[in-house]
Amino acid sequence: MERRTIGAAALAVGAVGLGCMPMSWAYSTSRQRGDESLRALHRALDLGATLLDTADMYGPFTNELLVGRVLKERRAEAFVSTKVGLLVGEQHIVANGRPGYVKRACDASLRRLQTDVIDLYQLHRADPEVPVEETWGAMADLVQAGKVRALGFCAVGARGGRRSGNRLYDATIRQLQRIQQVFPVSAVEAELSVWSPEALDTLLPWCETRGIGFLAAMPLGNGFLTGTLTPGEGFEPDDMRARHPRFTAEMMAANQPIVVGLRRVAARHGAEVTPAQVALAWTLAQGRHVVPVPGTKRERWAGQNAAAADLRLSPQDLAEIAGLPRAQGSWD
């Protein structure tokens with residue numbers, strides 16, 4: 001697989017990563033199978049999708065334990081990204097950016113992942129009660145201690161406070177400017193896909209001009225852009241899409257023209273090419289510093305996602321995708 005670099009430290013990863021969250025959190029618990037997830041992890045590594053993206057809150061903790069089982073055997077082949085800063089309660093999630101907590105959480109993640117170093121340690125959310133510089137300083141101490149190789153910042157929470165227009169990531173950029181004065185940001189993770197392209201306006205260019213890697217979260221639109229979901233079929237109660245405004249039967253039906261357009265582009269590249277692969281190829285085409293991190297818990301999809309790294313979209317393809325209808329349905 002093509003390799004791409006993350007940040008000034010030039011950390012090399014496969015052009016397509018693997019989001020591990022669906023293996024143990026947020027999507028259809030009844031369809032989560034440990035053995036199948038392990039096969040998906042091994043398949044991704046076999047194909048060069050080396051970036052494994054997890055977090056201590058996924059599960060919580062069970063996702064890191066799962067990834068650790070693979071790392072115990074294949075640590076040298078993997079690039080491990082995990083996150084800190086969020087605590088999961090019974091019915092709520094809260095941020096914790098206190099320096100002491102961050103350092104304890106890192107040690108716990110290292111144990112669960114069965115490794116002595118985390119390649120990319122990301123701040124999942126900034127704690128509104130703690131100056132972000134203090135949290136980032138504690139994370140920088142972990143680099144100095146040899147427990148972490150590089151630091152990243154997650155902006156995937158922007159959806160919760162979504163505003164119209166191209167100023168969506170203004171607050172995130174202000175935070176990034178502050179922490180850059182403390183220690184270099186190697187990567188920013190934020191949502192980017194055909195149906196959620198907002199990061200293209202300001203956040204992605206900000207990263208590009210500073211040599212900061214961009215991890216594209218949810219590049220398949222929570223599964224919608226795969227074309228495998230049926231409007232009205234519904235979701236299990238614990239699946240986050242069951243409460244998502246874009247995943248009502250009405251909105252899924254209204255947004256089908258996006259999938260139809262991706263299918264049309266895929267057909268020009270061969271009968272085996274899927275809408276999901278076109279969506280990932282579109283994300284890859286947004287810049288050499290962009291690494292999509294599609295989430296899956298199945299070996300088959302992990303293989304198809306990795307294969308998208310070899311798909312090259314033509315100017316005609318990109319123009320056609322740019323002309324697709326904007327997604328309908330409020331995030332709020």
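Tyr121 and Phe214 fall within the same hydrophobic cluster, defined by Ile, Leu, Val, Met, Phe, Trp and Tyr side-chain heavy atoms under 4.5 Å apart, directly or through other members. Under a hydrophobic-cluster definition in which Ile, Leu, Val, Met, Phe, Trp and Tyr are linked whenever side-chain heavy atoms come within less than 4.5 Å, directly or via other members, Val16 and Leu45 are assigned to different clusters.
For Asp107, the salt bridge (Lys or Arg N to Asp or Glu O under 4.0 Å) criterion is met by Lys147, not counting sequence neighbours. Checked against side chain to side chain contact (heavy atoms under 4.5 Å, CB included), Glu133 has the following partners two or more places apart in sequence or in another chain: Pro131, Arg178, Val182.
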message = Please evaluate residues Leu262 and Trp282 with respect to the criterion side-chain contact (heavy atoms from CB on, under 4.5 Å), reporting the C-alpha separation (whole Å), side-chain torsions for both, the decisive distance (0.1 Å), and the verdict.
response = CA-CA 10 Å; Leu262 295 177; Trp282 176 90; over 6 Å; no
Derivation and outcome, side chain to side chain donor-acceptor pair (under 3.5 Å), residues Asp56 and Ser109: CA-CA 7 Å; Asp56 57 1; Ser109 288; 4.6 Å; no
Could you walk me through whether Leu71 and Val80 pass the side-chain contact (heavy atoms from CB on, under 4.5 Å) test, one step at a time? CA-CA 9 Å; Leu71 295 180; Val80 185; 3.6 Å; yes
Item to complete: Please test Met23 against Thr54 for side-chain contact (heavy atoms from CB on, under 4.5 Å), starting from the C-alpha separation and ending with a verdict.
Response: CA-CA 10 Å; Met23 298 176 183; Thr54 182; over 6 Å; no
**Prompt:** Going through the checks in order, is the side-chain contact (heavy atoms from CB on, under 4.5 Å) test met by Phe224 and Arg246?
**Reply:** CA-CA 9 Å; Phe224 182 81; Arg246 280 193 182 175; over 6 Å; no
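Within the 4.5 Å cutoff, the side chain of Val94 has no heavy atoms near those of the Glu129 side chain. Under the 4.5 Å side-chain criterion, counting only non-hydrogen atoms from C-beta, Val84 is not in contact with Cys106. Contact check for Leu280 versus Asn305: side-chain heavy atoms found under the 4.5 Å cut-off. Contact of the Arg210 side chain with the Val185 side chain is not registered, since no non-hydrogen atoms from C-beta on lie closer than 4.5 Å. Using a 4.5 Å heavy-atom threshold, the side chains of Leu120 and Leu215 count as touching. Side-chain contact between Val67 and Val70 is absent, with no heavy atoms from C-beta onward closer than 4.5 Å. Counting heavy atoms from C-beta outward, Phe183 and Gln144 have side chains that approach closer than 4.5 Å. At a threshold of 4.5 Å between non-hydrogen side-chain atoms, the residues Val278 and Pro275 do not count as touching.
The two residues Gln122 and Ser81 come nearest to each other via the heavy atoms NE2-OG, 2.9 Å. For Tyr169 against Glu198, the heavy-atom pair with the smallest separation is CE1-C, 4.2 Å. When every heavy atom of Arg241 is checked against every heavy atom of Asn222, the shortest pair comes out as NH1-O, 2.9 Å. The two residues Leu192 and Pro197 make their nearest non-hydrogen contact at CD1-CA, 3.9 Å. Closest non-hydrogen pair, Gly221 versus Trp195, comes out as CA-NE1, 3.1 Å. Contact detail for Ala15 and Pro292: the closest heavy-atom pair is O-CD, 3.2 Å.
Electrostatic pairing of Arg75 and Asp116 does not count as a salt bridge here, judged by no charged N lying under 4.0 Å from a carboxylate O. With salt bridges taken as basic N to acidic carboxylate O contacts below 4.0 Å, one links Lys83 and Asp53.
Counting only distance, with no hydrogens or angles, the side chain of Gln114 and the backbone of Leu110 share no donor-acceptor pair below 3.5 Å. Here the side chain of Asn63 pairs no donor or acceptor atom with the backbone of Gly59 at under 3.5 angstrom. With Glu134 contributing its side chain and Arg98 its backbone, the two residues share no donor-acceptor pair below 3.5 Å. Under the 3.5 Å distance criterion, the side-chain polar atoms of Arg263 are matched with a main-chain donor or acceptor of Gly227. A side-chain donor-acceptor contact under 3.5 Å links Arg312 to the backbone of Ala309. The backbone N or O of Arg300 sits nowhere less than 3.5 Å from a side-chain atom of Gln304 that would complete a donor-acceptor pair. Between the side chain of Thr226 and the main chain of Gly223, a donor-acceptor pair closer than 3.5 Å is present.
Heavy atoms of other residues, nucleotides or ligands lying less than 6.0 angstrom from CZ of Arg43 number 12 at most. The environment of CD in Gln180 is crowded: more than 12 heavy-atom neighbours from other residues, nucleotides or ligands sit within 6.0 Å.
How far CZ of Arg298 is from CD of Glu36: 7.5 Å, rounded to the nearest 0.5 Å. Rounding to the nearest 0.5 Å places CG of Leu18 at 12.0 Å from NZ of Lys297. For the atom pair His269 NE2 and Leu311 CG, the distance stands at 5.5 Å (nearest 0.5 Å).
Under the side chain to side chain contact (heavy atoms under 4.5 Å, CB included) rule, His289 has a single partner from Ile212, Leu204, Thr5, Ile6, which is Leu204.
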